[in-house]
Every structure is written in C-alpha cells, then in structure tokens.
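All values below were derived from every heavy atom in this structure, side-chain atoms included, with hydrogens, water molecules and symmetry-related copies excluded. Atoms within each ligand, like the ligands themselves, are counted from 1 in listed order.
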Amino acid sequence: MRSLRPGFSLTALLTGVATVGALLLAAPAAHAADTPLRDLAAAKGRAIGTAVTGGKLNGTYAEVAAREFNWLTPGNAMKWESVEPSRGSFNWAEADQIVDFAEAHGQRVRGHTLVWHSQNPGWLTNGGFTPAQLRTLLMDHIDTEVTRYRGRVTAWDVVNEPFNEDGTYRQTIWSDALGQDYIAEALTRARAADPGAKLYINDYNVEGVNAKSTALYNLVRSLKERGVPIDGVGLQAHLILGQVPGTFQQNIQRFADLGVDVAITELDIRMQLPATDAKLAQQAADYRAVMDACVAVDRCTGVTVWGFTDSDSWIPDFFEGYGAATPYDENYAPKPAYHAIAASLGGTTEPPGEGCAATYRVVNQWNTGFTGEVRIDCVDTALSAWRATWTYGAGQRITQSWNATCTQSGAAVTCTNASYNGTVPRGGSVTFGFNGTWSGSNPVPVVTLG
Ligand code: 9MR
C-alpha cells in the first residue's frame with residue numbers, strides 16, 4: 001500500500017496559490033501526451049485490457065479505448081443470453097462490433113464467457129431439458145461461438161466462476177446435468193473448436209491465497225495431470241479499497257509454477273462514495289500493487305480493467321453507495337489510478353505532486369507467520385529521515401524487523417529508519433522488512449509516511 005505524503009496535494013496548491021495557477025493548469029496538457037498504457041505494456045510484453053460496451057464505442061469512449069488498451073473484453077456481448085436470446089435465433093451484432101473494432105485498432109480480444117451459471121437465456125434455464133439435452137446444448141453453444149470467432153479471439157474465459165467461497169464446487173445447471181467434469185468437457189470442446197485459442201478458467205475472490213484459490217489451484221493441477229486442455233487462470237480482481245490481498249503475487253506465482261498463464265481479467269477497486277483525494281490516492285496505491293504483482297511474474301500475461309471509466313462500471317448498480325472503481329472518472333479524466341498503472345508499466349509519470357509513497361507487500365506467508373516489506377519511493381521529494389506507520393486490521397503482530405526499527409502497540413505499528421538508510425534522494429527508494437504472525441486473514445494495511 002502506498003499513501004500520499006501528508007500535506008502534499010495539488011488541489012491545495014491550486015486553491016492556495018492563485019498566481020501559479022496557470023502554470024499548474026498546464027499539467028493536464030502534458031499528461032495528455034503521456035505514453036499510452038498500451039505502448040508501455042507492449043514494451044513489457046504485457047496485456048493492458050478493458051471491458052467494453054459495444055453501444056458506447058464512439059466519441060471519446062472509443063478514442064480512449066483504442067488509444068490506451070491493447071486487449072478488449074466484451075463486458076456482456078458474448079454471454080449466452082446476449083448471443084442466443086431465443087433458441088436458435090442468434091444476435092452477434094454487438095460481439096461482432098467489438099471484435100471488428102479490436103481488429104481495426106490492433107487489439108486482441110478476450111472472449112467472455114462460454115459456460116456460466118449466470119446471464120443464461122430464459123429459454124435455456126427454464127426449458128425443462130434433460131441432462132442429456134443440456135450436454136448437447138452446451139457443446140453446441142461452445143462449438144457455435146468459438147468457431148464463429150476462430151482465429152479472432154485470442155483467449156477464452158471458457159468456464160466462469162465454478163467455485164463457492166469455501167472452495168467447494170458451485171452447484172449450477174451444468175454441474176447438475178453433467179456432473180463436476182463439465183469443466184473438463186467444456187475445455188476439451190473449446191480446444192477442438194479453435195485449437196489456437198488460449199483456454200482459461202476465470203473466477204473472483206481468488207486473488208490471494210485462500211480456500212477458493214486453492215480449490216482452483218487443485219483443479220488446474222488435476223486437469224493438467226489428466227491432459228485436459230487448460231492454458232490459464234483468470235483472477236477477476238473485483239477489489240475493495242485498501243484490501244488488495246498481501247499474497248497476490250505469491251498466488252500468481254503458484255499458478256505460474258503449475259505451468260499455466262495467469263491473467264488479471266476484471267480489475268476494479270471500489271470505494272464508498274464520495275471519492276476524496278485520500279481515497280483516490282489509496283486506490284492508486286491499490287492499482288499499483290495489483291499491477292506490480294502481475295509484472296513481477298513472467299507468466300502473468302497482463303491486466304484487464306472491468307470498464308475503464310466510472311461512467312461504464314457495474315459497481316454503482318450492484319453495490320449501493322459504492323463506485324469510482326475504474327482508472328478514469330466519468331468525464332474521461334485519468335485518475336491517480338491511471339498514473340499508477342502507467343508507473344507500474346515503466347511510465348515516467350506519477351500523479352502530479354506525489355512526494356514519497358510507501359508500498360506494503362506480503363513477500364511470503366505460511367501457516368501462522370509471514371514476511372512483509374515496505375518500499376518507500378520518492379518521486380519529486382527527498383527525505384533525510386522517515387517514519388512509516390500503519391494499523392493492522394486482523395490481529396497481525398510484528399516479531400522481528402530489519403533495515404528499520406519497528407515497534408507495535410496494540411494494532412498500531414511504527415517503523416523508523418535505521419542509522420544508515422534515513423536518506424532517500426529524489427527518485428530513490430528504500431526497503432525494509434519484517435516477520436510477523438497472523439491468523440484468519442492477513443490483509444494489507446494502509447501505510448502512512450510522516
Ligand atoms: O459487467 C457486467 C454487468 O454489466 C452485468 O450486469 C453483470 C451481470 O452479472 O455482469 C457483469 O460482469 C461480470 C462478469 O461477466 C463476470 N464476473 C463478474 C462481473 C461483474 O458482475
């Protein structure tokens with residue numbers, strides 16, 4: 001986690017010092033010329049994607065989608081209820097439109113999604129079909145859709161959200177009819193329909209190491225052992241402000257070590273409205289933590305955001321009082337989160353006026369213990385001494401630290417520089433580490449520098 005240095009805010013400068021307003025107001029123009037995210041991502045061999053709505057692909061929405069992203073996911077257009085609203089009557093208009101748009105702009109497409117318990121057409125779910133009929137319907141659906149886009153959809157979320165939170169299999173129309181091996185059957189069928197497409201299982205709340213992600217891990221391992229085609233896992237990453245799991249990178253790495261790719265497929269980070277400067281700064285830190293975790297693991301192919309603008313996000317409709325979850329505001333102005341994505345991809349821009357920021361990460365975690373680290377990066381400020389503080393939300397306790405002196409009182413932790421690392425130059429960074437204990441959960445706290 002990072003947070004802005006207290007007292008360092010562009011808004012304060014703008015309102016407090018009217019005479020330099022013109023100079024500071026020139027900054028957005030400079031930002032418009034920043035290297036687009038897709039160029040930064042391409043230089044790192046990564047995907048930076050967004051979900052899109054076909055009906056909005058014109059004007060500024062289309063310009064930003066084309067300029068900034070090198071992958072697109074149809075947010076709804078490829079779901080069964082969208083493509084076959086009544087039996088045998090297909091509507092490919094929006095899906096075709098998005099695939100055409102992507103090709104016109106040199107973008108790849110993530111197909112979403114073939115087998116799901118949700119957003120199925122009524123004729124299918126209420127049709128009273130026998131298990132044998134449902135198997136045929138599902139296999140035909142996979143054949144029809146995957147074949148239609150053969151060679152044009154690079155990766156498919158073949159199976160979406162197959163697990164419950166406790167790691168058991170979700171009971172769905174498909175598990176009821178075909179048994180739990182519907183997953184293997186669907187993957188095998190998709191491979192036959194387009195041997196060139198990468199095949200994924202996609203789920204939410206599987207970003208950190210937990211019961212659900214471990215179930216997904218065990219499934220992927222067993223599919224690999226059986227020779228069932230599986231190329232990757234999608235970690236959706238619908239996250240809440242300040243709650244990026246500390247084990248994100250460790251979790252990505254364990255899937256990579258199984259020999260599959262990992263994609264972050266639906267990233268958004270919601271906050272309780274109204275958005276404030278402090279919340280947007282925290283959100284930028286959270287986006288940065290997710291991006292950094294992906295960039296750190298070779299087999300993490302990239303990150304897709306679930307809508308790039310707050311005007312095209314599912315959050316306000318589903319979580320009352322929450323929103324502002326994407327990297328652009330409703331008027332297409334890039335938020336601090338946008339700059340955090342750019343910075344993680346090697347871009348040079350940071351949110352204007354950011355001084356020094358701290359990033360907290362769980363490096364490793366085991367039964368009851370963990371190793372953590374905090375990195376302090378200074379962008380346009382230097383430090384001669386530092387103090388990082390945070391409050392643990394789940395009973396964690398620090399037992400040992402290095403490259404800093406850490407004390408804990410209740411839940412409150414204070415770490416100050418060692419004698420040899422208090423100086424951090426502009427553009428420089430310093431890292432310190434610690435061991436601790438945890439139980440239940442180990443969420444990442446918000447670190448404040450002072
Ligand atoms: O973004 C989608 C939204 O427009 C739909 O109303 C919603 C219905 O469930 O689905 C949203 O996308 C979901 C995605 O397909 C699968 N993972 C969760 C996403 C958010 O609900």
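- Here Tyr61 and Phe308 bring their ring centres to under 6.0 angstrom of each other.
- Considering backbone and side-chain N/O of Trp306, one or more are found under 3.5 Å from N/O of ligand 1.
- Salt bridge absent: Asp261 and Lys198 never bring a charged side-chain N and a carboxylate O closer than 4.0 Å.
- Of all protein heavy atoms, the one closest to atom 14 (C) of ligand 1 is His112 NE2, 3.4 Å.
- Scanning Asn76, Asp268, Thr53 for the heavy atom closest to atom 4 (O) of ligand 1 points to Asn76.
- In the model, Asn160 has a side-chain atom that pairs as donor or acceptor with a side-chain atom of Gln236 under 3.5 Å.
- Taking every heavy atom of Glu161 and a limit of under 4.0 angstrom, the matching atoms of ligand 1 come to 16 (C), 17 (N), 18 (C).
- Set against the non-hydrogen atoms of Trp116, the atoms of ligand 1 under 4.0 Å away are 9 (O), 15 (O), 16 (C).
- Applying the 4.0 Å criterion to heavy atoms of Phe318 picks out, from ligand 1, the atoms 6 (O), 7 (C), 8 (C).
- Annotation: cation-pi pair Arg270/Phe318 absent, no NZ/CZ under 6.0 Å from the ring centroid and within 45° of its normal.
- Tyr149 and Trp156 have tilted rings, their planes meeting at an angle from 30° to 60° on a 0 to 90° scale.
- Under the rule for a salt bridge (charged side-chain N to carboxylate O under 4.0 Å, His left out), Arg150 has no partner lying at least two apart in sequence or in another chain.
- Summarising the contacts of atom 11 (C) of ligand 1 with Glu81, His238, Glu266, Lys79, the nearest heavy atom is found in Lys79.
- Here is the list of ligand 1 atoms found below 4.0 Å of a heavy atom in Asn160: 16 (C).
- A salt bridge links Asp377 with Arg375: the distance from a Lys NZ or Arg NE/NH1/NH2 to an Asp or Glu carboxylate oxygen falls below 4.0 Å.
- Using a 4.0 Å cut-off between heavy atoms, Asn202 makes no contact with ligand 1 at all.
- With respect to atom 7 (C) of ligand 1, the closest heavy atom belonging to the protein is Gln119 OE1, 3.7 Å.
- For ligand 1, the atoms closer than 4.0 angstrom to any heavy atom of Trp314 are 1 (O), 20 (C), 21 (O).
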Let me have the donor-acceptor pairs involving side chains of residues 83-93, under 3.5 Å, with sequence neighbours excluded, atom names and distances please.
| unit_1 | atom_1 | unit_2 | atom_2 | d |
| --- | --- | --- | --- | --- |
| Glu84 | OE1 | Trp80 | NE1 | 3.0 |
| Glu84 | OE2 | Gly88 | N | 2.8 |
| Asn91 | OD1 | Ala93 | N | 3.0 |

